[in-house]
Amino acid sequence: MTNTISPSTIATIVTQTLQQCQFNTSFTFRSPAITVTGPYCVNQLGSALHELGAKHILLVADKMVWQLGLTASCQTAIELAGLTFTLFTDVQGEPDSELVAKGVAMLTESGADFVLGLGGGSALDTAKAIAVLGDYKGALSEFKVGGLASRNVGLGAIPTTAGTGSEATDITVIKDVVNSIKVPIKGPALVPDLALLDPALMLGVPSAITAATGIDTLTHAIEAYTSRQSNPLAQAYAYHSIEMVIKALPIAVGCGDDMDMRHSMAIAAYKAGLSFSNSGLGLVHAISHQVGAFYHIPHGVANAILLPYVMVFNRLCCENSYAEIAKALSVDRDSMTQRELCQAAILRVRQLIDDLGLPTSLAGFDINPHDFTAIAEQAMSDICLTGTPRQVNAKQIVTLLEQALAGELRMEGC
């Protein structure tokens, strides 16, 4: 008696075999179509917009950036290029669904064909959300993590701080006011067509903000370099970002009018943004998102506090990666073992944070340890956790928070 295998069974076997044989070295990498960089390069904005076919620009800016007059150079460059613009300056904090709805209404009313964000991460994230939600008719809560987003208008980003890397990333996060949740929107459409990095726009950033956003850049780079989802291109950008931060950030903080160091930090933030957008982040961000929400600690400050503790925790699985990072941090010596290099990298990061005057523990904030369980549980559901190199549970996160509260960086054990 002959046994016959159905065509559908054969198809299933073939599909499964092909999936199992796929090379795990394949990856996708996304980046802006045009990147313009250099002191006073905002003067080139008009020609870049022309190249992208823009006619009317919706210029989305932080209210503070507008009040400081930083939008003026962009407006002039747009007008000199013979283009028109509409100004939207309602951004004052983290973007939410009501703010984005106002922006979408202005986009529709103005007939703009290009959305340009100018300012910190909030302004850039708002611009990105306006661009992709312009034609969306559903509820914001229907967007799911990793869901598709599309747009029918051009998109550009001009950062005024060196930290978030939003000018290079494929994600934005919007608070849904109706449901009181933060909705991550992710997809190729979120990568700007144009990124313009002008350090002259960053000269007036206060030293404390420069320090916090700079450590945000460093955290992006370190977490992207060690992410389980990383790839050779992402690691290359992350490594060079670390090299630039360790050299430029102290000077940018201590001498804010140093144009060269401001430029280096702008490039470092951009590289780190490219890196983590294509590789993911990790445990530092998974926890800091919750700590920031619970205690209103600025994102860069929360990252600065948590980064060394998480590095100590993660070294069990990425000692080699941290040893490589030690070279980027310029603390490597020929005689050092891999373990010594790993430890040197962690201590160098902690020393930099301390040198910049940023807090190294949660002790200076109004922290309630009874919140740690809830924070840990929420961190376990954070999208950033998928890239962390060491598996973690809620109990271990609570322990990390307790160590951060006590200010005890325990190098012994794992």
Discussion item. Checking the side chain of Arg350 only, and the main-chain atoms of Pro308 only, is there a donor and an acceptor separated by less than 3.5 Å?
Written reply: no
Worksheet item: Is the backbone of Ala236 close enough, under 3.5 Å, to the side chain of Tyr225 for a donor and an acceptor to pair up by distance?
Response: no
Worksheet item: Given the rule in the side chain to side chain contact (heavy atoms under 4.5 Å, CB included) test, do Glu402 and Tyr309 qualify, once you have shown the distances and angles that lead to the verdict?
Response: CA-CA 10 Å; Glu402 290 172 344; Tyr309 300 96; over 6 Å; no
Item to complete: Would you check, one step at a time, whether the test side chain to side chain contact (heavy atoms under 4.5 Å, CB included) holds for Leu49 with Ile78?
Response: CA-CA 8 Å; Leu49 290 171; Ile78 291 170; 4.0 Å; yes
Worksheet item: Can you tell if the side chain of Leu87 reaches within under 4.5 Å of the side chain of Gln75, non-hydrogen atoms only?
Response: yes
Worksheet entry | Verdict with supporting geometry, Ile158 and Leu45, side chain to side chain contact (heavy atoms under 4.5 Å, CB included) | CA-CA 10 Å; Ile158 305 177; Leu45 175 60; 4.3 Å; yes
Discussion item. Using only atom types and a distance under 3.5 Å, with no angle test, would you say the side chain of Lys128 pairs donor to acceptor with the backbone of Gly117?
Written reply: no
Worksheet item: Any side-chain heavy atom of Thr28 sitting closer than 4.5 Å to one from Asn278?
Response: no
Discussion item. Using every non-hydrogen atom in the two residues, find where Leu385 and Ala286 come nearest and quote the distance to one decimal.
Written reply: CD1-CB, 4.0 Å
Practice prompt. Flag the pair Asp62 / Thr89 as yes when at least one side-chain heavy-atom distance between them is below 4.5 Å, and no otherwise.
Written response: no
Discussion item. Can you tell me which residue among Pro188, Ser277, Pro192, Ser31 is in a side chain to side chain contact (heavy atoms under 4.5 Å, CB included) with Asp170?
Written reply: Ser277
Worksheet item: Between Lys55 and Asp113, is the closest basic N to carboxylate O distance under 4.0 Å?
Response: no
Worksheet item: What's the verdict on side chain to side chain contact (heavy atoms under 4.5 Å, CB included) for Phe276 and Gln229, showing C-alpha distance, side-chain angles and the deciding distance?
Response: CA-CA 9 Å; Phe276 84 78; Gln229 300 171 337; over 6 Å; no
Discussion item. Tell me whether Arg151 contacts the main-chain N or O of Ala189 through its side chain, where contact means a donor paired with an acceptor under 3.5 Å.
Written reply: yes
Worksheet entry | Residues Ser275, His220; criterion side chain to side chain donor-acceptor pair (under 3.5 Å); working and verdict | CA-CA 8 Å; Ser275 182; His220 290 158; over 6 Å; no
Worksheet item: Would the number of heavy atoms belonging to other residues, nucleotides or ligands and lying under 6.0 Å from CG of Asp366 be above 12?
Response: no
Worksheet entry | Ile397 side chain reached by Met380 side chain, heavy atoms, under 4.5 Å | yes
Worksheet item: Is there a side-chain contact between Thr172 and Ile174, using heavy atoms and a 4.5 Å cut-off?
Response: yes
Item to complete: Would you please classify the geometry between the Phe29 ring and the Tyr237 ring as parallel, tilted or perpendicular, with 30° and 60° separating the classes?
Response: parallel
Fill in: Residue pairs, two or more places apart or on separate chains, that pass salt bridge (Lys or Arg N to Asp or Glu O under 4.0 Å) and touch residues 270-282
none
Worksheet item: Would Asn231 and Gln235 satisfy side chain to side chain donor-acceptor pair (under 3.5 Å), going step by step from the backbone distance to the final call?
Response: CA-CA 6 Å; Asn231 59 70; Gln235 285 193 320; over 6 Å; no
Worksheet entry | Test item: Glu319 side-chain N/O and Leu316 main-chain N/O as donor-acceptor pair under 3.5 Å | no
Practice prompt. Please examine the side chains of Val65 and Leu118, heavy atoms only from C-beta on, and report whether any two atoms are closer than 4.5 Å.
Written response: yes
Discussion item. Is it the case that atom NZ in Lys63 sees more than 12 heavy atoms from other parts of the structure closer than 6.0 Å?
Written reply: yes
Item to complete: Assess whether atom CE of Met64 is packed by more than 12 heavy atoms of other residues, nucleotides or ligands within 6.0 Å.
Response: no
Worksheet item: Would you find a donor on one side and an acceptor on the other, under 3.5 Å apart, between the side chain of Arg390 and the backbone of Phe313?
Response: yes
Item to complete: For the pair Ser110 (side chain) and Leu107 (backbone), establish whether a donor and an acceptor sit closer than 3.5 Å, ignoring hydrogens and angles.
Response: yes
Worksheet item: What closest approach, in Å, do Leu190 and Ile171 show between heavy atoms, and which atom pair accounts for it?
Response: CB-N, 3.7 Å
Practice prompt. Name all residues meeting the ring pair (Phe, Tyr, Trp, His ring centres under 6.0 Å) criterion together with His289; count only those two or more places apart in sequence or in a different chain, and write none if there are none.
Written response: His285, His299
Worksheet item: For the atom pair CE (Met244) and NE2 (His240), what is the distance rounded to the nearest 0.5 Å?
Response: 10.0 Å
Item to complete: Find out whether Ile57 and Thr84 are in side-chain contact, i.e. whether some heavy atom of one side chain is under 4.5 Å from a heavy atom of the other.
Response: no
Worksheet item: Are any side-chain N or O atoms of Asp193 and backbone N or O atoms of Leu155, one a donor and one an acceptor, separated by less than 3.5 Å?
Response: yes
Worksheet item: Taking all non-hydrogen atoms of both residues, which atom of Ser288 and which atom of Asn303 are closest, and how far apart?
Response: OG-OD1, 2.8 Å
Worksheet item: Is it true that Lys175 and Glu94 make a salt bridge, defined as a side-chain N closer than 4.0 Å to a carboxylate O?
Response: no
Discussion item. Keeping Thr399 on the side-chain end and Lys395 on the backbone end, is there a donor-acceptor pair under 3.5 Å?
Written reply: yes
Discussion item. Taking the side chain as everything from C-beta on, heavy atoms only, tell me whether Val205 gets closer than 4.5 Å to Arg262.
Written reply: yes
Worksheet entry | Expected output: side-chain Glu223 to main-chain Val284 donor-acceptor under 3.5 Å | yes
